[in-house]
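These numbers were taken from a predicted model, which means no experiment stands behind them. Here is how names work: the chains are called A, B, and so on, in the same order as the sequence lines, proteins then strands, and each is numbered from 1.
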2 protein chains.
Amino acid sequence: MSENVGRWLRDEIENAILSNEFRPGTRLDEMVLANRFGVSRTPVREALIQLGAIGLIEIRPRRSAVVVDLPPRRVYEMFEVMAELEGLAGSLAARRLDDDSRKAIASAHDRCERSAGAGDSDAYYYDNEEFHKAIYAASRSDYLAEQCAQLHRRLRPYRRLQLRVHNRLSTSFSEHRAIIEAIFAGDSETARKLLQAHVGIQGERFSDLVASIAAR
Amino acid sequence: MSENVGRWLRDEIENAILSNEFRPGTRLDEMVLANRFGVSRTPVREALIQLGAIGLIEIRPRRSAVVVDLPPRRVYEMFEVMAELEGLAGSLAARRLDDDSRKAIASAHDRCERSAGAGDSDAYYYDNEEFHKAIYAASRSDYLAEQCAQLHRRLRPYRRLQLRVHNRLSTSFSEHRAIIEAIFAGDSETARKLLQAHVGIQGERFSDLVASIAAR
DNA sequence: ACTTGGATTTCTGTATACAATTTCATTGCG
DNA sequence: CGCAATGAAATTGTATACAGAAATCCAAGT
């Protein structure tokens, strides 16, 4: 349990939302949550307020908070920004790469190779996250890394859908290879472009995603 | 007053921080704030929690919240991300420009011209903000516009310092002219580059800013 | 059957109470 | 003179109480 109940609850509820237990549109009754976690309403409210500030839930005065339902258009916009920031992270990483970062990226890439080879989509999902985080860290910009990680987490449910698409797993992995090459070669512009494309909102790939969102 | 006391307090305290009444490092005692605003500690806490989630203050469990003091390095990183997002907004605006957005940008630009001509730095500061917001809106990406506006607000105190720099006001205005030309011509790549440069973290300009932060 | 009006219940917003922890000052010792 | 220990005061975290707004329900009328 975290250092105080409010933060712990924030994490619990956030997980419940991101893992789709609390679906978009679900009303979050403070008393129900308080009972479920065996605490009073006060820390529940504090957790909800934090989630509201992040944009994960909507807090309407005098009415229950509800899990926000992102319209496909907005998901698209978020991927668009994500692509831009990932591209920036990649280009900075290519310029500022040092030995530790190089090792971290390479080892994350190896783990991706293993899980991709095994066809283990869940494991790949996790390793992929680590790979991207290694690139954020290599950018040497803490703020950028935080923003990227936050968006990454926020878009997690939609990325999951993306990975289910036919062949996405092996495609993703081969894209990683090219990205690593560019970063290790110090080619910042190529790294940027490849990462932007990798986040993948161009053309048909995103239409597929939108279709899966609509079909959910 | 807002719809509930918590939100109102959040805005009040946020303003006090951004206007530098509550300086970085200041301890925010809940009881002191409650007395000052004539309310109980409960809504004060809720306001603080929201500001903590935004990153404006730091909430350390069992100790007072304090106004965050951004290290120069982090300010630099934030400007770096801001430049990237402004660039994206500009390039999208160039591609997606419609008649209403064109008019909004042009009129904001006119107002900038007036205040720049009058040498009114405070007025220009406000009009400049509107000019940038018009570009965000023209990007037709609500999410991007929100992110830009948020960062813009967060960096407000540092932008103010920037404007005080010698000749910055007229330089800024002539940069606007070039940006508008690129956007109106539909030249997305030029718009992106000009806006990135306009946010201005390259070379000596940013060193000046860092110097002013350190000298504050 | 469907709507409308009002009573009733439920739930949120704020205040207050109390326990637990931190902070601060004071005292005692090296 | 500096530093550690101890105790009091201040401050935070959580629970609870209560008032007021919203949601719900039910009955009467069209």
Side-chain angles (χ1 to χ4, degrees), chain A residues 1-18 20-71, chain B residues 1-18 20-71:
Chain A
M1 200 191 293
S2 185
E3 47 234 328
N4 68 29
V5 181
R7 291 184 187 202
W8 169 61
L9 282 175
R10 160 169 62 68
D11 294 340
E12 288 292 321
I13 299 172
E14 180 177 11
N15 284 337
I17 292 173
L18 291 180
N20 222 25
E21 182 190 345
F22 293 156
R23 305 275 171 83
T26 306
R27 290 187 30 166
L28 298 173
D29 186 300
E30 296 175 0
M31 205 54 207
V32 171
L33 290 170
N35 289 332
R36 163 166 173 168
F37 293 106
V39 297
S40 81
R41 274 179 53 225
T42 307
V44 170
R45 294 203 102 228
E46 302 195 338
L48 292 181
I49 286 168
Q50 292 183 70
L51 295 174
I54 302 173
L56 212 61
I57 67 179
E58 189 193 346
I59 293 181
R60 308 162 302 175
R62 291 259 166 222
R63 318 170 73 172
S64 303
V66 297
V67 180
V68 301
D69 189 6
L70 298 177
Chain B
M1 198 191 295
S2 186
E3 48 235 323
N4 69 27
V5 182
R7 290 184 188 205
W8 169 62
L9 282 175
R10 160 168 60 71
D11 294 340
E12 288 292 322
I13 300 172
E14 180 176 9
N15 284 337
I17 293 173
L18 291 181
N20 221 28
E21 182 189 346
F22 293 157
R23 305 278 170 80
T26 307
R27 288 187 32 163
L28 298 173
D29 185 299
E30 295 174 1
M31 206 53 207
V32 171
L33 290 170
N35 289 332
R36 163 167 173 166
F37 293 105
V39 297
S40 80
R41 275 179 52 222
T42 309
V44 171
R45 295 202 101 228
E46 301 195 340
L48 293 181
I49 286 168
Q50 291 183 69
L51 295 174
I54 300 172
L56 212 59
I57 67 178
E58 190 193 345
I59 295 181
R60 308 161 302 174
R62 291 261 168 219
R63 320 160 85 121
S64 303
V66 297
V67 179
V68 171
D69 188 7
L70 298 177

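- B:R36 pairs by the salt bridge (Lys or Arg N to Asp or Glu O under 4.0 Å) definition with B:E21, not counting sequence neighbours.
- Contact check, B:T42 against C:dT14: no side-chain N or O comes under 4.0 Å of OP1 or OP2.
- Taking 4.5 Å as the limit, every side-chain heavy atom of B:R7 sits out of range of all side-chain heavy atoms of B:P43.
- Partners of B:N35 under the side chain to side chain contact (heavy atoms under 4.5 Å, CB included) rule, at least two apart in sequence or in another chain, are B:M31.
- The ring-ring contact (aromatic ring centres under 6.0 Å, His included) analysis of residues 29-64 of chain B, with sequence neighbours excluded, yields the pairs B:W8-B:F37.
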Under 3.5 Å, which N/O atoms of the protein pair with N/O atoms of nucleotides 18-20 of chain D?
none

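- In terms of position on DNA chain D, the residue among A:S40 and A:P61 whose nearest nucleotide sits closer to the 5' end is A:S40.
- When the side-chain nitrogen and oxygen atoms of B:R63 are compared with OP1 and OP2 of C:dT23, one or more of them lie within a distance under 4.0 Å.
- Counting only residues at least two apart or in different chains, ring-ring contact (aromatic ring centres under 6.0 Å, His included) contacts with residues 40-62 of chain A are absent.
- DNA chain D is contacted by no residue of residues 28-38 of chain A, taking any non-hydrogen atom closer than 4.0 Å.
- Nearest-nucleotide positions on DNA chain D place A:G6 closer to the 5' end than the other of A:R60 and A:G6.
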Side-chain polar contacts of residues 46-59 of chain A - donor-acceptor pairs under 3.5 angstrom, sequence neighbours left out - could you list them?
from	atom 1	to	atom 2	distance (Å)
A:E46	OE1	B:R45	NH1	3.2
A:E46	OE2	B:R45	NH1	2.5
A:Q50	OE1	A:R10	NE	2.7

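- Separating the CZ atom of A:R27 from the C1' atom of D:dA23 is a distance of 8 Å, rounded to the nearest angstrom.
- A straight line from CD1 of B:I57 to P of D:dT12 spans 11 Å, rounded to a whole angstrom.
- By the 6.0 Å contact criterion, CZ on A:R23 is open, its count of non-hydrogen atoms from other residues, nucleotides or ligands being 12 or less.
- The nearest whole Å value for the distance from the CD atom in B:E58 to the C1' atom in D:dT12 is 16 Å.
- Sorted by first then second residue, the ring-ring contact (aromatic ring centres under 6.0 Å, His included) pairs that include residues 47-67 of chain B, not counting sequence neighbours, number zero.
- A donor N or O paired with an acceptor N or O is not found under 3.5 Å between the base of C:dT12 and the side-chain atoms of A:S64.
- Remark: B:S64 engages B:R27 in a side-chain hydrogen bond (donor to acceptor under 3.5 Å, both in side chains) (not counting sequence neighbours).
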